[in-house]
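Counting starts at 1 for both ligands and their atoms, in listed order. If you're wondering where the values come from, they're calculated on a predicted model, not measured in any experiment. Just so it is clear, the values below take in all heavy atoms, side chains as well, and ignore hydrogens, waters and symmetry mates.
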Amino acid sequence: MKKKIWILCCTVLFIIIVLSIYISTDNFKLKNLNYSNKTIKLINEENITKKVLDKGYSKTLETALINDEFDYNNFDLYYNFRDIDNDDYIKKLNILSKLGYSVNDIKLILKKISFKDIDYITNNVYISNLKDYLSFNNFDITRLNRYINYKNLNSDLNMETIILNVNMDFDKTPYEDYNIVSNVDDIKVLVNKFNRLPDNYKPNDLSKIDKKYSSKELYLRKAACIEFNKMCSDALSLGLKIIAVSSYRDREYQENLYNNYSIERGQDMADNFSARPRFSEHETGLSIDIMGSNEDYNKFSSTDEYKWLEDNAYKYGFIIRYPKGKEDITKYMYEAWHIRYVGEDSAKYIYDNKITLEEFLALQDK
Ligand SMILES: [Zn+2]
């Protein structure tokens with residue numbers, strides 16, 4: 001009997017010893033950290049067991065190992081970003097690190113750039129001032145190469161100007177390298193020498209301007225028309241006579257107008273003050289040429305109506321579209337008589353900051 005008890009005791013002791021040896025093994029500890037058996041095997045193969053035990057669990061590391069994306073040099077990275085379960089994502093992390101970006105750089109990139117857009121960076125060489133670019137809210141990653149090229153050609157310009165100018169397409173050639181406008185019905189639509197209306201575009205909410213405020217039958221898009229009538233009526237109550245002389249034009253009209261100017265004055269001159277067809281704001285139904293009580297729109301800037309309009313048009317959502325001193329930006333000569341509806345909020349911002357529609361849009365968050 002005594003002997004039996006002794007054997008039992010020995011067996012229990014043996015089991016306890018074996019168990020405690022097992023518990024103290026690294027594999028058991030890894031298992032306890034939540035790594036799968038397959039991952040544990042890979043951890044052992046990569047000889048990173050001690051380091052992993054030190055750092056704990058990382059979903060990112062597990063995903064990297066299982067998908068054969070593990071790169072020993074990026075070990076710490078897998079712990080800085082612990083929760084990634086997508087191997088494409090890890091591929092991008094690996095590339096960013098390989099390109100030379102620090103953990104902090106990568107954190108910034110992931111914070112500012114959407115997953116699909118990271119390719120703009122991974123497909124590039126290391127960009128030492130990427131951090132500076134990313135600090136601007138109006139930085140548009142899809143234009144990254146354009147910013148870089150523009151900066152190379154204009155090394156004297158600061159980053160803010162580089163981003164602003166490229167956002168305004170100043171790295172392109174007017175009329176040659178243009179975009180087709182996609183937000184045609186947006187009241188903030190930009191139509192200029194870099195942005196062309198689609199061939200078939202015609203606004204579908206044209207309304208007739210009150211005949212009291214127009215020299216002939218003229219149309220504007222509804223929102224612009226309502227505000228224009230209101231503005232003219234308020235001006236009239238102050239004894240100021242604002243009259244529209246030209247507003248919505250269809251493509252054919254604009255084409256004839258531009259062609260006639262080109263024949264009369266030559267194309268270079270015509271491009272200064274007249275838009276080529278489909279590049280004209282008048283085709284959006286949001287622009288109006290106006291005259292004052294002197295009934296000469298060319299001399300509009302010397303009228304009381306103009307003085308009033310300068311400080312009041314924004315209250316109705318209008319801006320003076322081609323201001324003096326901004327010819328380099330609008331690419332048009334100063335036109336006191338050409339106003340454009342952009343909506344009240346945008347007009348106020350443009351007025352308060354003394355900027356153009358081009359700058360306003362180029363400053364928007366991307
Ligand atoms: Zn005009």
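Among the atoms of E335, none of the N, O or S atoms falls under 2.8 Å from the Zn ion (ligand 1).
For Y334 and Y322, the ring centers are positioned 6.0 Å apart or more. The ring of W337 has its center closer than 6.0 angstrom to the ring center of Y297.
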Just list the side-chain donor-acceptor pairs under 3.5 Å for residues 343-350, sequence neighbours left out, or say none.
from : atom 1 : to   : atom 2 : distance (Å)
K348 : NZ     : D352 : OD2    : 2.7

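Distance alone, capped at 3.5 Å, places no donor-acceptor pair between the S214 side chain and the A244 backbone.
Here the N, O or S atom of D289 that is nearest to the Zn ion (ligand 1) is OD1. H338 contributes ND1 as its N, O or S atom closest to the Zn ion (ligand 1).
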